[in-house]
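The structure presented is a predicted model; accordingly, all values stated were derived computationally and were not measured. A, B, ... follow the sequence lines: proteins, then strands. Residue 1 opens every chain.
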Amino acid sequence: MQNFQNNYSPEALLQGLNPAQQEAVTSDAQVLRVIAGAGSGKTKVLTERIKWLINVEHLAAEQILAITFTNKAAAEMRSRLMGFLPERSYVNRLWIGTFHATCLRILRLHANLMGWDRNFTVMNRADQEKTLRELLAVLGKNPKEFVPKEILARISRWKERGLRADMLAEERAFSARANQDYIAIYREYEKFCRANARADFDELILLTIELLEQEEMVRNHFHRLFRAVFVDEFQDTNELQMRLIQLLTADDAKLFVVGDEDQSIYGWRGAQIENILYLERRYPNLHTVSLEENYRSTGNILQAANAVIANNKKRLGKKLWTAAADGEKIRVISAFNEKDEAEKIAEIIKKTAREKNRSWREFAILYRRNSLSRNLEYSLSNQEIPYRIYGGLRFFDRQEIKDALAYLRLLNHPEDNQALERIINRPKRSIGEKTIDDLRLAAWQNAGGIWNLLTNDFFISANFPKRAKALAEFTSLIKKMQAEFQEALRENDCRDAEKAGQLLTRALEIAIHSSGLWDFYSNENDRTYSETRSDNLEELVSAAKEFALRNPIFPDNFTGETTPDAGILLDNFLASCTLDAGDYEADAGENRVQLMTIHSAKGLEFPFVFVAGCEDGIFPSYQALQSLHDEIEEERRLCYVAFTRAREELSCSFAHIRYEQGREHASDCSRFLKEIPENLLSMQGFMPGKTVHPASAPNANFASAPRAGKTAGKFAVGKKVEHSKYGRGVIKDVEGEGERSRVLVRFNFQIGDKWLVLKYANLQLVE
DNA sequence: GATTTCCTTATTAAG
DNA sequence: TAAGGAAATC
């Protein structure tokens with residue numbers, strides 16, 4: 001500990017940093033904005049600056065607050081700092097976490113000041129929807145008339161802008177009759193969540209903001225505490241997050257934000273690119289450092305990415321450069337349909353891996369939507385290429401995991417109806433929907449919880465002997481589990497990290513084994529599942545152990561009191577499960593091709609990247625093409641993110657025909673590909689709209705059988721037509737009626753497929 | 001109460 | 001197509 005500062009002289013800390021990076025690390029600007037292009041060493045600058053502050057400016061670890069968007073980014077920072085800090089426990093004193101985790105940490109200390117139970121649960125989207133359905137039932141609203149998903153989307157949009165139901169009711173813009181119903185439900189939802197101690201994601205942030213605004217003591221406490229505030233991925237912050245940052249940063253503290261406006265891809269979630277573009281409006285003393293040297297990609301990849309992003313208007317305008325060689329050209333793969341596309345990608349991966357002697361894990365396939373992964377998976381497994389897919393069904397969203405966590409929750413909070421309802425009949429105990437409905441109703445009439453009813457024998461009447469027996473058995477099972485937990489509690493003091501780990505592990509074993517879940521899932525008739533389901537449960541136990549070691553119970557920062565309590569340990573673990581997607585990159589030992597959406601690829605890099613589904617309507621998405629605003633710019637940024645993931649080789653593929661949602665769609669290749677200068681491309685197959693080498697065109701007989709019977713006047717599927725500009729083609733599809741009749745015509749290679757409105761196209765039938 | 005069958009609907013992206 | 005809910009059947 002004594003030598004620790006001497007090991008890291010200022011000179012040593014700056015070693016290996018370029019001048020711009022050094023400036024970012026050492027700057028004493030009050031507010032510093034670092035524009036960090038993809039692959040420019042952003043994380044390095046962040047962590048080096050933290051080291052600098054600790055070592056050269058002598059800040060204590062707990063005086064540093066660093067906020068990220070993903071758990072992965074937070075974990076990455078923590079692990080990079082771990083080696084630098086004198087002992088493992090020291091890193092726990094840093095406030096490094098996601099927006100949500102940071103707010104949770106603050107709320108666990110002070111939520112009671114806002115009339116909340118500090119042990120609230122955190123709801124993900126699914127929990128949220130369940131809660132809303134419960135509420136709608138209580139209010140006697142029909143979920144068909146008031147669609148839960150729609151209501152939640154509105155509530156989320158309101159919360160993102162910091163609007164409470166009461167504020168909305170006053171605003172004239174919202175006073176339309178239709179809105180009043182929604183606002184009324186929103187108000188009830190707010191009350192219901194607080195009464196049941198359940199917070200959704202947006203609530204974590206909004207409640208923290210209100211806490212800091214209203215409670216001067218709390219605000220002052222954090223202002224004194226945090227001397228430096230860091231924000232990663234600043235381009236993705238929304239209005240609420242910006243407010244939070246401002247509230248947490250004292251006038252005399254340092255603010256350091258890192259971001260890249262060209263990588264702002266969360267506008268749909270309320271992110272405001274203006275936050276980074278115009279930060280000087282909030283902080284006139286803003287100082288900016290721009291990192292433009294890229295250490296990741298080849299020259300060609302960077303040039304392609306630069307060429308595409310240059311078409312955007314909303315940007316500060318930077319141009320990445322590299323000292324690296326040009327490297328391979330961008331491979332463009334033109335496929336007949338989605339199956340052909342997947343086959344071609346798999347083949348290329350296989351060939352490249354063999355010829356260049358590369359591992360599977362060095363390849364990634366990225367796509368716009370999760371639903372595009374299916375064909376890729378199929379082809380990969382067909383060619384016996386191991387792969388791992390991210391996203392989709394997340395670990396902590398799996399049925400068996402949610403069941404186990406519900407039992408865990410009941411150990412400590414048996415009055416939690418949502419958890420109880422989830423597992424009351426899992427494993428099957430002959431407690432059906434009707435019984436649960438009755439219980440819920442009775443609980444509501446008695447203004448208590450279901451657990452209260454069960455333990456008071458209130459409901460177990462002679463009228464339903466079978467039902468009474470099943471309920472009594474369930475009740476005694478839960479009591480038995482609680483007794484087991486109490487015993488574990490006596491044996492393990494959770495102030496000790498090691499013991500806390502044992503306690504949490506034991507609690508999960510109780511939740512999984514004593515509950516009967518284990519037997520239920522390991523004996524499932526479906527063999528394909530039984531293996532993974534019990535595997536997942538085991539994985540959950542080890543995740544819990546790890547959690548306890550990494551997250552010791554924090555002393556109460558505000559009052560200085562320590563409140564070590566097993567309940568807090570359990571609640572914190574449960575919350576972290578909700579806040580953690582639970583899927584990470586392939587483990588070091590896992591050698592597989594990686595499949596994921598472009599969004600989840602942000603922050604990652606791979607030697608070989610394939611971007612699949614580069615078609616107008618897919619990428620850019622249909623929705624973006626329809627929109628009047630700058631959603632195309634966001635799609636383009638997404639494209640920029642995709643391209644800049646690649647280190648050595650980038651390939652983009654598109655299919656002329658894609659089978660989706662039970663229909664076939666024809667589409668043109670992505671407009672983004674057309675924005676890449678041709679000299680950077682290497683074509684495989686042909687590309688409509690670009691120069692074509694007929695020799696390389698794939699078999700031109702498009703296999704899709706014309707669908708007979710579809711007609712618009714004399715124009716029927718299969719008929720040949722002539723267009724004044726595009727020449728001759730064949731009708732492939734017909735849509736719409738009267739004035740809006742459109743036909744899909746396949747012209748020659750250069751032109752490809754076009755949808756034409758009959759009224760304007762002036763098509764002539766050809767015999 | 002559980003299981004099977006039929007019918008509708010859906011596709012942006014995630015903490 | 002496939003997933004999820006409602007209706008029908010066991």
Go through the side-chain N and O atoms of A:Arg198 and A:Thr121 and say whether any donor and acceptor fall under 3.5 Å apart.
no

Listed by chain and number, what are the salt bridge (charged side-chain N to carboxylate O under 4.0 Å, His left out) partners of A:Lys402, not counting sequence neighbours?
A:Asp127

Rounding to an integer number of Å, can you tell me how far A:Asn370 CG sits from B:dA14 P?
6 Å

Report the distance from atom CZ of A:Phe643 to atom CG of A:Leu638, rounding to the nearest 0.5 Å.
10.5 Å

Roughly how far apart, to the nearest Å, are B:dT11 and C:dA6 at atom C1'?
23 Å

Select from A:Ser600 and A:Arg429 the residue whose nearest nucleotide in DNA chain B is closer to the 5' end of that strand.
A:Arg429

What integer distance in Å separates A:Glu338:CD from C:dA2:C1'?
15 Å

Its dot-bracket string being built from Watson-Crick and G-U pairs below 3.5 Å, with | for another strand and [ ] for crossing, DNA chain B has the pattern ||||||||||.....

Stacking of A:Tyr266 on B:dA13 base (centres under 5.5 Å, planes under 30°)
no

Could you check whether A:Glu341 and A:Ser653, counting side-chain N and O atoms only, form a donor-acceptor pair closer than 3.5 Å?
yes

Quickly work out the A:Glu150 CD to B:dA10 P distance and round it to whole Å.
11 Å

For the atom pair CG (A:Asp416) and CG (A:Leu574), what is the distance rounded to the nearest 0.5 Å?
9.5 Å

What is the distance from atom CG of A:Leu240 to atom CD of A:Gln272, rounded to the nearest 0.5 Å?
10.0 Å

Below 4.0 Å: OP1/OP2 of B:dA14 and any side-chain N or O of A:Thr70
no

Taking side chain to side chain contact (heavy atoms under 4.5 Å, CB included) as the definition, give me every residue that meets it alongside A:Glu210, ordered by chain and number, with sequence neighbours left out.
A:Met114, A:Arg164, A:Leu206, A:Leu207, A:Gln214

Within the structure shown, what part of the strands sits under 4.0 Å from A:Tyr622 by heavy-atom distance: base, sugar-phosphate, or nothing?
nothing

Pair of N/O donor and acceptor under 3.5 Å linking B:dA13 base with A:Arg368 side chain
yes

In whole Å, measure the gap between the C1' atoms of C:dG4 and B:dA13 for me.
22 Å

Regarding A:Asp200, tell me which of base, sugar-phosphate or nothing describes its non-hydrogen contacts under 4.0 Å with the strands shown.
nothing

